[in-house]
Amino acid sequence: NIMVDKHFEVLPHTETLNSTDQSLVHVLPAKNDKLLLVSRYNGIYLYDYKKAKATQTPDGSFDKELVSSDILQKLPTVFDDYLKKYQAYCVYRIQENQYAIGTLGGGVIIMDGEGQLIGIVNKSRGLVDNRIYYVYVDQQNNLWAATNNGISCVYTSSPFRYFGSENGLNTGVLNTIRHKGTLYTSTYNSVYYLPEYTLQLENDIHQFKSIIDEPAWEFSIQKDKLFAGAYTNLYQIRGAEFKKLYTASDVVSSIGYSKNMPDYLFVGISTGMSAVKLSNFSDENSDSWANTVETHEGLFNDYKYNTKQITSDKDGNLWVSTENNGLIYVNTSAANIEGIKISKIDTLNGLPYNQGNFAFIHKGEILITTNKGIYEIEKQNGSSKIRVIPSSKIPQIPEGYQSIKHLAFNGDIIYLSSNNGMLSIDNSNANSQWNETPFKEVQSIIWKQYIDADGSVWYNGNNGLVHYDT
């Protein structure tokens with residue numbers, strides 16, 4: 001019905017929707033001055049009231065001979081059978097062209113104004129019950145559902161999406177990376193990849209698939225090949241396949257590369273670092289498997305430290321982060337692997353402590369995280385000694401966040417994770433300050449961050465994987 005001059009009139013040419021098997025549930029505004037009609041059992045319709053009124057005759061009736069298919073148009077949807085099975089009971093317009101349909105057993109269907117399915121929210125997605133009696137959207141665009149077993153709130157306005165045990169990730173997540181369109185991640189148990197998403201009406205859960213039954217502490221893409229340091233092994237991963245290239249004497253915790261020695265990968269372990277020479281290792285054959293030619297163990301004979309991260313600077317030299325012994329600087333300008341020069345960087349070079357120091361490269365410059373904030377390399381004329389000083393390029397880290405676990409960069413935007421939470425800053429503005437507000441809802445200890453190609457951020461932590469849509 002529609003109200004005209006304070007009384008209700010039947011919408012012209014909708015008589016077929018009044019039958020028992022149709023049972024119209026709701027009439028809502030749609031785009032282009034049309035109406036969206038939702039029936040309990042038989043799908044979704046678009047109704048053009050203006051065109052329907054144009055068929056009115058002088059005596060006030062409506063000429064059925066003038067009815068066209070675009071007055072009452074059934075929208076074919078992929079969830080027609082789903083609606084017949086679970087029955088639409090309530091509808092709410094979420095946005096101008098987005099609707100939530102509560103069903104009597106299938107949870108909440110979210111669709112656009114053309115009938116395209118956006119998603120289904122049900123018990124597998126966290127609803128307390130699939131029988132929905134009312135749906136409502138608050139001022140923050142969060143969806144509330146009154147169910148048969150209580151009230152659920154779906155945080156549709158949240159920029160965060162969580163992947164955990166229901167997605168196949170049963171423990172904390174260590175690392176994440178994307179290679180040739182496929183997302184890879186590692187937990188304490190296994191290395192996984194995320195297959196292409198296919199919407200499932202009944203059980204709409206995107207599941208990670210295991211490919212290596214070992215935890216990977218490090219992923220690295222070099223020459224468009226993906227490598228993983230998993231347990232004591234160095235692997236190459238290609239799609240859902242993998243190949244073992246090297247087995248170390250201890251757990252592989254980091255992988256590095258120097259442009260000065262283009263045939264080698266550097267592998268960090270708990271007692272130093274090794275070098276693995278590879279063949280078939282070039283940009284031109286990125287889809288092929290690399291082969292191990294030779295290995296060099298014990299590059300740090302004088303510094304047998306637990307190697308946690310390997311970073312290459314703009315000159316191809318390596319900055320090796322250790323667990324409790326500062327940094328190791330590796331000059332790779334020698335003509336061969338035996339000629340590399342190694343020096344230690346610790347409190348004598350300006351580090352406030354020898355623990356918690358990790359080197360990162362940003363805009364061609366090395367930045368070092370410390371328990372006192374972010375440091376940089378001091379420019380010294382005529383001196384070969386490396387000095388580190390508090391960074392003059394990055395604002396001071398707020399109190400409580402200075403024990404930094406990881407940095408990630410997207411242009412001028414810096415993302416930081418620490419023992420006490422996450423921060424971000426747009427460092428293009430000299431007056432910018434670190435921002436913690438968007439991250440307060442994340443109840444997880446974050447170890448690493450990965451910036452995806454679209455600028456979104458993947459957070460790896462003890463409660464699973466968190467995706468931040470920036």
Side-chain angles (χ1 to χ4, degrees), residues 220 254 256-259 308-322 326-332 343-439 446-453 455-459 468 470:
S220 179
S254 52
Y257 173 80
S258 169
K259 65 182 181 181
K308 306 301 289 185
Q309 183 171 296
I310 305 172
T311 301
S312 179
D313 64 21
K314 62 184 178 182
D315 298 317
N317 299 312
L318 303 179
W319 298 72
V320 181
S321 308
T322 73
L327 299 167
I328 304 297
Y329 175 70
V330 183
N331 188 317
T332 61
S343 56
K344 185 178 179 182
I345 302 171
D346 55 19
T347 54
L348 297 177
N349 302 80
L351 289 176
Y353 303 100
N354 285 334
Q355 300 84 25
N357 305 299
F358 290 88
F360 299 87
I361 189 161
H362 178 50
K363 295 187 173 181
E365 302 296 331
I366 289 290
L367 296 176
I368 300 172
T369 62
T370 77
N371 289 329
K372 290 291 185 180
I374 299 175
Y375 278 53
E376 63 186 31
I377 308 302
E378 184 181 34
K379 306 296 183 184
Q380 298 186 92
N381 294 324
S383 174
S384 60
K385 185 175 182 179
I386 296 173
R387 292 288 303 171
V388 296
I389 58 175
S391 176
S392 60
K393 304 178 183 68
I394 299 174
Q396 183 176 355
I397 308 297
E399 193 71 28
Y401 290 91
Q402 293 181 332
S403 183
I404 302 168
K405 290 184 175 294
H406 195 255
L407 296 177
F409 308 94
N410 184 17
D412 288 309
I413 301 175
I414 303 173
Y415 295 92
L416 176 154
S417 61
S418 76
N419 287 336
N420 293 325
M422 298 113 75
L423 301 171
S424 68
I425 189 171
D426 185 347
N427 206 38
S428 62
N429 187 337
N431 297 319
S432 295
Q433 298 296 318
W434 290 96
N435 183 17
E436 64 177 349
T437 302
F439 310 107
I446 300 300
W447 298 313
K448 274 189 175 182
Q449 305 141 117
Y450 171 70
I451 310 296
D452 215 333
S456 63
V457 186
W458 295 89
Y459 288 99
Y468 175 43
T470 57

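A quick note: this is a predicted structure, and the numbers were derived from the prediction, not measured.
- Summarising the geometry, atom OG belonging to S258 is positioned 5.0 Å from atom CG belonging to L318; distances are rounded to the nearest 0.5 Å.
- Using a distance-only test at 3.5 Å, with no hydrogens or angles considered, no donor-acceptor pair links the side chain of S432 to the main chain of I425.
- For the atom pair Y459 OH and S417 OG, the distance stands at 8.0 Å (nearest 0.5 Å).
- Side-chain atoms of T322 come within 3.5 Å of backbone atoms of G326 as a donor-acceptor pair (strictly under, hydrogens ignored).
- Ring geometry for Y468 against Y415 counts as perpendicular: the plane angle is over 60°, on a 0 to 90° scale with 30° as the lower cut.
- Atom-to-atom distance recorded for T347:OG1 and N354:CG is 4.5 Å, nearest 0.5 angstrom.
- Panel note: side chain N371, backbone S403; no donor-acceptor pair is recorded below 3.5 Å.
- With values rounded to the nearest 0.5 angstrom, K259 atom NZ is found 9.0 Å from T332 atom OG1.
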- [ ] Determine, stepwise, if the pair L327 / V320 fulfils side-chain contact (heavy atoms from CB on, under 4.5 Å).
- [x] CA-CA 6 Å; L327 299 167; V320 181; over 6 Å; no
Open item on the list: Could you go through S343 and Y329, starting from their C-alpha distance and side-chain angles, then the distance that decides it, and tell me whether this counts as side-chain contact (heavy atoms from CB on, under 4.5 Å)?
Closed with: CA-CA 5 Å; S343 56; Y329 175 70; 3.7 Å; yes
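- Judged by distance alone, with hydrogens and angles left aside, the side-chain atoms of N410 form no donor-acceptor pair with the main-chain N or O of I413 at under 3.5 Å.
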- [ ] Decide side-chain contact (heavy atoms from CB on, under 4.5 Å) for I328 and K344; before the verdict, give the C-alpha distance in whole Å, the side-chain angles of both, and the deciding distance to 0.1 Å.
- [x] CA-CA 5 Å; I328 304 297; K344 185 178 179 182; 4.2 Å; yes
Open item on the list: Set out, in order, the CA-CA distance, both residues' side-chain angles and the distance that settles side chain to side chain donor-acceptor pair (under 3.5 Å) for S428 and D426, then state yes or no.
Closed with: CA-CA 6 Å; S428 62; D426 185 347; 2.7 Å; yes
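- No hydrogens or angles considered: nothing links the side chains of T370 and N357 as a donor-acceptor pair under 3.5 Å.
- Qualifying side-chain hydrogen bond (donor to acceptor under 3.5 Å, both in side chains) partners for D452, counting only residues two or more places apart in sequence or in other chains: R178, W458.
- Residues satisfying the salt bridge (Lys or Arg N to Asp or Glu O under 4.0 Å) test with K393, not counting sequence neighbours, are E376.
- In the model, K385 has no side-chain atom that pairs as donor or acceptor with a side-chain atom of N349 under 3.5 Å.
- T470 OG1 to I451 CD1: the interatomic distance, rounded to the nearest 0.5 Å, is 8.0 Å.
- Within a 6.0 Å sphere centred on CD of Q396, other residues, nucleotides and ligands contribute 12 heavy atoms or fewer.
- Listed for the Q449 side chain is a donor-acceptor partner under 3.5 Å among the backbone atoms of L416.
- A distance of 10.5 Å separates OG in S321 from NZ in K308, rounded to the nearest 0.5 Å.
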